[in-house]
Amino acid sequence: MTMPEAQPLEGRPLNAEPLAVDPPVLRVANLAKSYDLPTSLLSRIARRGDKATLRALDGVELQLNRGEILALVGESGSGKSTLAKILVGSTAATAGEIEYHGAPMPARRGKDDSRRIQMVFQDPYSSLNPRLTVGAMLRELLVLHSIVPAKQVREESKRLLNLVGLEEDALDAYPSQFSGGQRQRIAIARALAVRPDILIADEPVSALDVSVQATVLDLFATLRRDLGLSILFVAHNLAVVQHLSDRVAVMYLGRIVEVAETAELFRNPRHPYTRALIDSIPRMSAGSVTEAFQLEGEPPSPFDVPSGCRFNPRCPYAVDACRTTDPVLETVAPAHLSACIRASELTELAVARV
Ligand SMILES: Nc1ncnc2c1ncn2[C@@H]1O[C@H](COP(=O)(O)OP(=O)(O)O)[C@@H](O)[C@H]1O
Ligand SMILES: [Mg+2]
C-alpha cells in the first residue's frame, strides 16, 4: 500500500478542515457484522422465523492513532473478538468502511497489508504449533516474508527473543517447554517477526496467572515505546488496561458506546455502562468504595438488540426517550465521545446518587 501524498497548502480554502498530518493508522466507520444462523441450530435461543440474525457488530466507529495503546473493553459477547478479526483481515465485515493510514483497505488484502497488522491471541497454548521449535517457527516467517537474508535469520531470531525478554536458548526449544507467560512472549515474537506497525492483542493476558499478567502488560508498554507500534489491546476488564492504555473504547452489544483518554474515562465516565464497569472493579481499600452502581436486567442478546438505546433495559438512568432514540457517538468533552442522550447530565446524576 502506498502512503497518501502530503497535500499542498496553497489553494486550500481558508475554512477547510485542518490538514490531517497524521491520519489514524486504522479507522473504521459504520462497521457491521451479522451472522445468519438456521433456527434448527438455535431455535431455543431465537424462537422465531426460520432464520435468526445475530448482530455481532452493529455500527462500530473507532480509530487507532499512530503509536498509541487503545484499549477495547466490554463484557463477553459484546463483539470485541469479531472486531479484532475483521481488523486483521481474518473475517470479512458485512458492511462498513476500514481505512488504513487514511486510505481504504482493499477487500482482498495483499501480502504486505496482511503483514503489517498482526494479532496476538488469548491462548498461547493453541496459537503455537507444538511441532516446531521456536527457531523453526521464526525462520519460516522470516524467510516467507523475506524479512532478512538467509544468513541473518538466526541473528534476527535472537534479536526478536531479546525484544520480548527471552533468552537465546529458547530458539531450540518447543512451545511445551515454556510457561504460559513465556509462550505468550513467543507468540508476541512471532507477531513481531514480520515487522508489523499494528498489533491487535485479543485478551493476551486473560489466560495467564495473575502473577505474570503484569509482566506481560509491561512488555506491551515497552514494545510500544521502543518500536513505535500502534496497539489495540482487547480486555473484558477495565482494571487490566487502566495503567497501560492511552485511550479506552467501551463496547456494548456490538457498538462502541464511549471513547476517551484513560484517566478522563475513569474520572468522568459519560456513559452509564462505563460507570458500571468502573464500579465493578474491586477496590483495595474500603474507604474508596462509593455506592456501587449496579447493572440491572439480563445480559443482552445480539439476536434481539433492544430498540432505542441498546443499553436502556439495564440502565438505571433510562427515560422514555431512551427507549425510542438510538444515540450516536458524540463529542461530550474534548477528545471524549459518548453514545448517551443523557451524557451531559451524568455527572450530576452520579453526584446525586451518593
Ligand atoms: N463465527 C460465528 N458464528 C456465529 N456467531 C458468532 C461467530 N463469532 C462470534 N459470534 C457471536 O458474535 C457475538 C460476539 O462475539 P465475540 O466477538 O467473540 O465477543 P467478545 O470477544 O466480546 O466476547 C457473540 O454473540 C458470539 O456468539
Ligand atoms: Mg473475545
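Side chains are part of it too, since the values below use all heavy atoms of this structure and drop only hydrogens, waters and symmetry mates. Quick note: residue numbers are just sequence positions, from 1.
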Mind listing the closest non-hydrogen atom pair of Ala84 and Ile200 along with its distance?
-> CB-CG2, 3.7 Å
For Thr53 and Ser34, what are the C-alpha separation, side-chain angles and deciding distance, and is it a side-chain hydrogen bond (donor to acceptor under 3.5 Å, both in side chains)?
-> CA-CA 6 Å; Thr53 299; Ser34 52; over 6 Å; no
Nearest heavy-atom neighbours spanning Leu161 and Ala170 | CD1-CB, 4.0 Å
Is there a side-chain contact between Pro24 and Leu64, using heavy atoms and a 4.5 Å cut-off?
-> no
Does Gln122 offer a backbone N or O that forms a donor-acceptor pair with the side chain of Glu203 under 3.5 Å?
-> no
Heavy-atom donor-acceptor pair, Gln213 side chain to Leu208 backbone, under 3.5 Å = yes
Is there a salt bridge (Lys or Arg N to Asp or Glu O under 4.0 Å) between Asp113 and Arg116 once you walk through the steps?
-> CA-CA 5 Å; Asp113 290 332; Arg116 298 230 243 149; 5.5 Å; no
So, does Thr325 use its side chain to make a donor-acceptor pair with the main chain of Cys322 at under 3.5 Å?
-> no
Linked, directly or transitively: Leu277 and Ile281 (ILVMFWY side chains, under 4.5 Å) | yes
In Å, rounded to the nearest 0.5 Å, how long is the span from CD of Glu97 to CD of Glu61?
-> 8.5 Å
Distance-only, no hydrogens or angles: does the Arg115 side chain make a donor-acceptor pair with backbone N or O of Val194 under 3.5 Å?
-> yes
Where do Asn129 and Pro175 come nearest, in terms of heavy atoms and distance?
-> O-CG, 3.5 Å
Are the side chain of Arg224 and the backbone N or O of Gly67 linked by a donor-acceptor pair below 3.5 Å?
-> yes
Residue Glu167 excluded, over 12 heavy atoms near CD under 6.0 Å = no
May I ask you to test the Leu26-Leu87 pair for a side-chain heavy-atom distance under 4.5 Å?
-> yes
Shared ILVMFWY cluster between Val259 and Val328, side chains joined below 4.5 angstrom?
-> no
Non-hydrogen side-chain atoms of Gln63 and Arg247 separated by less than 4.5 Å | yes
Does a side-chain heavy-atom distance below 4.5 Å link Leu70 with Leu62?
-> yes
Please confirm whether the backbone N or O of Leu253 pairs with a side-chain atom of Arg310, one donor and one acceptor, at under 3.5 Å?
-> yes
Do His271 and Phe311 have ring centres separated by under 6.0 Å?
-> yes
Result for side-chain contact (heavy atoms from CB on, under 4.5 Å) between Met251 and one of Val60, Val73, Val257 points to Val60
Which distance, rounded to the nearest 0.5 Å, do you find between the CG of Leu192 and the CG of Leu141?
-> 11.0 Å
Begin with the C-alpha distance, continue with both residues' side-chain angles, and end with the deciding distance and a verdict on salt bridge (Lys or Arg N to Asp or Glu O under 4.0 Å) for Glu156 and Arg195.
-> CA-CA 11 Å; Glu156 176 66 7; Arg195 304 201 179 166; 3.1 Å; yes
Under 4.5 Å between any side-chain heavy atoms of Ile341 and Cys309, yes or no?
-> no
About how many Å separate CD1 of Ile278 and CZ of Arg267, when rounded to the nearest 0.5 Å?
-> 11.0 Å
State, without any angle test, whether Gln182 and Ser179 hold a side-chain donor-acceptor pair at a distance under 3.5 Å.
-> yes
Should Arg275 and Tyr317 be marked as a side-chain contact (heavy atoms from CB on, under 4.5 Å) after you check the CA-CA gap, both sets of side-chain angles, and the distance that decides it?
-> CA-CA 11 Å; Arg275 173 107 204 270; Tyr317 300 144; 3.4 Å; yes
For the residue pair Ala339 and Pro327, what are the closest heavy atoms and their distance?
-> O-CG, 3.4 Å
Begin with the C-alpha distance, continue with both residues' side-chain angles, and end with the deciding distance and a verdict on side-chain contact (heavy atoms from CB on, under 4.5 Å) for Gln184 and Val205.
-> CA-CA 8 Å; Gln184 197 55 293; Val205 301; 6.0 Å; no
So CG of Asp202 and NE2 of His236: to nearest 0.5 Å the spacing works out to 11.0 Å
Do the charged groups of Arg270 and Glu330 touch, with an N to O distance under 4.0 Å?
-> no
Heavy-atom count around Lys151 NZ within 6.0 Å, excluding the residue itself: above 12?
-> no
Go through Val148 and Arg159 one step at a time and tell me if the side-chain contact (heavy atoms from CB on, under 4.5 Å) criterion holds.
-> CA-CA 12 Å; Val148 290; Arg159 189 185 73 87; over 6 Å; no
Arg139 and Asp172: CA distance, side-chain angles, deciding distance, salt bridge (Lys or Arg N to Asp or Glu O under 4.0 Å) verdict = CA-CA 12 Å; Arg139 168 178 297 276; Asp172 301 314; over 6 Å; no
On the 0 to 90° scale, with breaks at 30° and 60°, tag the Phe233-Phe220 ring pair as parallel, tilted or perpendicular.
-> perpendicular
Cluster link Val332 to Leu329, ILVMFWY, side chain under 4.5 Å | no
So, does Ser157 use its side chain to make a donor-acceptor pair with the main chain of Gly135 at under 3.5 Å?
-> no
Side-chain donor/acceptor of Thr133 to backbone N/O of Ala173, under 3.5 Å | no
May I ask you to check whether Tyr252 and Arg314 show a side-chain donor-acceptor distance below 3.5 Å?
-> yes
Co-membership, hydrophobic cluster, residues Ile147 and Val143, 4.5 Å side-chain = yes
Any side-chain heavy-atom pair from Ser90 and Met119 closer than 4.5 angstrom?
-> no
Work out which heavy atom in Val216 is nearest to a heavy atom in Arg185; give both atom names and the distance.
-> N-NH2, 4.2 Å
Looking at OG1 of Thr331 and NE2 of His336, how far apart are the two atoms once the value is rounded to the nearest 0.5 Å?
-> 10.0 Å
Arg255 vs Val305 side-chain heavy atoms within contact, under 4.5 Å | no
Evaluate the side-chain proximity of Leu128 to Phe178: yes if any heavy-atom separation is below 4.5 Å, no if none is.
-> no
With hydrophobic residues grouped by side-chain heavy-atom distances under 4.5 Å, do Leu132 and Ile186 end up in a single group?
-> yes
Shortest non-hydrogen separation from Ile69 to Ala221 and the atoms involved | CD1-CA, 4.2 Å
Is there a donor-acceptor pair closer than 3.5 Å between any side-chain N or O of Asn237 and the backbone N or O of Ala239?
-> yes
Report the distance from atom CD1 of Ile231 to atom CD of Glu68, rounding to the nearest 0.5 Å.
-> 10.0 Å
Per the side-chain contact (heavy atoms from CB on, under 4.5 Å) rule, which among Ile256, Val250, Val248 passes with Leu72?
-> Ile256
Could you walk me through whether Lys111 and His145 pass the side-chain contact (heavy atoms from CB on, under 4.5 Å) test, one step at a time?
-> CA-CA 9 Å; Lys111 191 170 157 193; His145 289 271; 3.8 Å; yes
